[in-house]
Structure formats: structure tokens, C-alpha cells
Amino acid sequence: MPALIPGFAAYASLVYWYFGLYKSRWRFASLPDLSGIVTAVTVLSLWLRCWTMDSLRQ
């Protein structure tokens with residue numbers, strides 16, 4: 001599992017950039033920011049689950 005961390009971190013940065021999570025000011029987070037966070041975390045969680053399950057099968 002530790003070998004997956006660099007690839008996952010790179011993918012996570014791309015997902016966070018895609019959903020615009022680096023643009024907002026966190027002190028004044030709003031509901032659209034929360035929606036972006038939930039969506040990004042969901043995408044990353046599903047991707048990590050699929051990636052680890054595929055790695056375990058081999």
C-alpha cells in the first residue's frame with residue numbers, strides 16, 4: 001500500500017485542481033465549496049478503491 005501513495009497524491013492534486021478547490025478562500029467557505037469537496041473526495045475514494053482492488057488481484 002505505501003507504494004501507491006505517490007501516484008495517489010499526484011492524482012489527488014489533479015482532482016482537486018479540476019474541482020477548483022485551490023481557488024477558494026477557506027475562511028469564507030460556502031455551500032458550493034462544500035459540494036466541490038464532497039465530490040472530489042467521492043471521486044478519489046472510488047478511484048482508490050478500484051485501484052487497490054485491481055492491485056490486490058494481481
Side-chain angles (χ1 to χ4, degrees):
M1 190 71 153
L4 300 176
I5 292 173
F8 181 73
Y11 182 69
S13 64
L14 290 173
V15 170
Y16 291 149
W17 173 79
Y18 180 79
F19 287 107
L21 297 179
Y22 290 120
K23 296 178 190 175
S24 63
R25 294 179 181 238
W26 289 102
R27 183 174 178 180
F28 303 107
S30 62
L31 288 178
D33 294 330
L34 179 62
S35 174
I37 294 167
V38 169
T39 305
V41 168
T42 302
V43 167
L44 289 172
S45 297
L46 291 173
W47 184 77
L48 183 62
R49 179 173 169 86
C50 292
W51 193 25
T52 54
M53 293 304 261
D54 186 48
S55 295
L56 292 174
R57 273 192 260 161
Q58 295 177 358

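These figures come from a predicted structure and were not determined experimentally.
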Enquirer: Could you state the interatomic distance from OG1 (Thr39) to CG (Leu34), rounded to the nearest 0.5 Å?
Expert: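 These two atoms lie 9.0 Å from each other.
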
Enquirer: Kindly write out the residues that satisfy ring-ring contact (aromatic ring centres under 6.0 Å, His included) with Tyr18, not counting sequence neighbours, or none if the list is empty.
Expert: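 Here no residue qualifies.
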
Enquirer: Looking at every non-hydrogen atom in both residues, tell me the closest pair between Phe8 and Leu44 and how far apart they are.
Expert: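 Heavy atoms only, the tightest pair is CE1-O, 3.8 Å.
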
Enquirer: Are Val38 and Leu31 connected into the same hydrophobic cluster when the rule is that any two of I, L, V, M, F, W, Y join if their side-chain heavy atoms are below 4.5 Å apart?
Expert: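 Yes; tracing contacts between hydrophobic side chains, which count when under 4.5 Å, links both residues.
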
Enquirer: Do Trp51 and Tyr11 have side chains that approach each other closer than 4.5 Å (heavy atoms only, starting at C-beta)?
Expert: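 Side chain of Trp51 against side chain of Tyr11, heavy atoms only: no contact under 4.5 Å found.
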
Enquirer: Mark yes when over 12 heavy atoms from residues, nucleotides or ligands other than Trp47 sit less than 6.0 Å from its CH2; otherwise mark no.
Expert: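 Atom CH2 in Trp47 is packed in, count exceeds 12.
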
